[in-house]
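Take a look at the structure set out below.
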Amino acid sequence: MDEAARVADADEVVEGETLLFTVRDDEGDLGEAFLTRLSDGSVVAYRNYCQHWTDVRLDKGDGARVTDGEVWCQKHGATFQLDSGYCDFGPCEGSVLETVGVTVEDGGVYVDDGEYAFEHLGPGGVDDGDGGGSRIDFTGS
Ligand code: FES
């Protein structure tokens with residue numbers, strides 16, 4: 001794999017936690033995503049926004065709330081199954097988180113997605129390409 005696509009060492013991605021990173025889409029815009037590990041040991045990644053209010057981040061920079069294989073939106077309590085991204089409770093029930101393709105290889109996790117390229121570890125969805133401000137609310141609301 002291309003080392004520029006390496007997000008983290010595979011052993012940094014643990015079950016019950018999320019690891020925030022930034023991607024650049026094929027139009028050059030930045031956005032956030034997070035990695036997590038499933039109970040079967042596989043690693044998945046999703047874009048870091050709720051399907052109810054898309055300006056609400058699931059991982060606000062210090063890890064999302066994850067319990068029993070589900071990630072919670074702390075705004076209104078929606079829960080999303082981490083193995084599928086499916087929302088099984090809350091105001092956006094029936095919706096699905098947006099996947100970011102990743103591959104685990106040689107002890108690392110790599111972005112492997114035709115639409116997204118790895119940008120850097122940590123937050124950063126501030127470049128929305130329209131010359132305006134951030135579409136990500138860093139106040140935690
Ligand atoms: S913003 Fe996530 S449940 Fe409402």
Side-chain angles (χ1 to χ4, degrees), residues 1-105 107-141:
M1 291 296 295
D2 180 0
E3 281 306 302
R6 186 179 178 115
V7 182
D9 292 343
D11 60 11
E12 293 179 77
V13 184
V14 298
E15 189 179 350
E17 297 181 10
T18 57
L19 186 63
L20 186 64
F21 66 102
T22 298
V23 291
R24 185 176 294 277
D25 70 18
D26 50 14
E27 297 192 341
D29 293 337
L30 296 178
E32 291 181 345
F34 63 85
L35 290 169
T36 192
R37 187 176 292 277
L38 304 180
S39 59
D40 68 0
S42 59
V43 173
V44 294
Y46 294 102
R47 289 293 314 277
N48 186 33
Y49 62 88
C50 185
Q51 295 295 307
H52 181 214
W53 289 359
T54 57
D55 60 340
V56 172
R57 304 153 84 204
L58 300 174
D59 182 336
K60 296 180 183 300
D62 55 358
R65 180 180 176 202
V66 176
T67 57
D68 297 329
E70 297 193 316
V71 61
W72 291 66
C73 175
Q74 297 182 56
K75 188 74 173 175
H76 306 114
T79 54
F80 300 87
Q81 299 169 359
L82 284 170
D83 58 352
S84 63
Y86 180 76
C87 177
D88 59 9
F89 178 80
C92 47
E93 185 174 344
S95 64
V96 181
L97 293 177
E98 184 186 348
T99 304
V100 176
V102 291
T103 296
V104 178
E105 193 174 291
V109 181
Y110 298 82
V111 172
D112 185 14
D113 190 298
E115 187 176 349
Y116 295 112
F118 176 62
E119 185 69 19
H120 59 259
L121 204 54
V126 296
D127 176 10
D128 59 9
D130 66 3
S134 170
R135 65 181 161 201
I136 302 295
D137 181 358
F138 286 103
T139 63
S141 60

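Order of listing sets the numbers, starting from 1, for every ligand and every atom in it. Values reported hereafter were calculated over all heavy atoms of this structure, with side chains retained and with hydrogens, waters and symmetry mates removed.
The shortest distance between side-chain heavy atoms of Val102 and Leu35 falls below 4.5 Å. Trp53 has its side chain out of reach of Cys92: every pair of non-hydrogen atoms, C-beta onward, lies at least 4.5 Å apart.
The side chain to side chain contact (heavy atoms under 4.5 Å, CB included) search around Val44 returns Thr36, Leu38, Tyr46, not counting sequence neighbours. Residues satisfying the side-chain hydrogen bond (donor to acceptor under 3.5 Å, both in side chains) criterion with Glu119, sequence neighbours excluded, are Arg24.
Taking 2.8 Å as the limit, the number of protein N, O or S atoms around atom 2 (Fe) of ligand 1 is 2.
Within the structure, salt bridge (charged side-chain N to carboxylate O under 4.0 Å, His left out) pairs that include any residue of residues 6-15 comprise Arg6-Asp9 (at least two apart or interchain).
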>> Set out, in order, the CA-CA distance, both residues' side-chain angles and the distance that settles salt bridge (Lys or Arg N to Asp or Glu O under 4.0 Å) for Glu32 and Arg57, then state yes or no.
In response: CA-CA 9 Å; Glu32 291 181 345; Arg57 304 153 84 204; 2.9 Å; yes
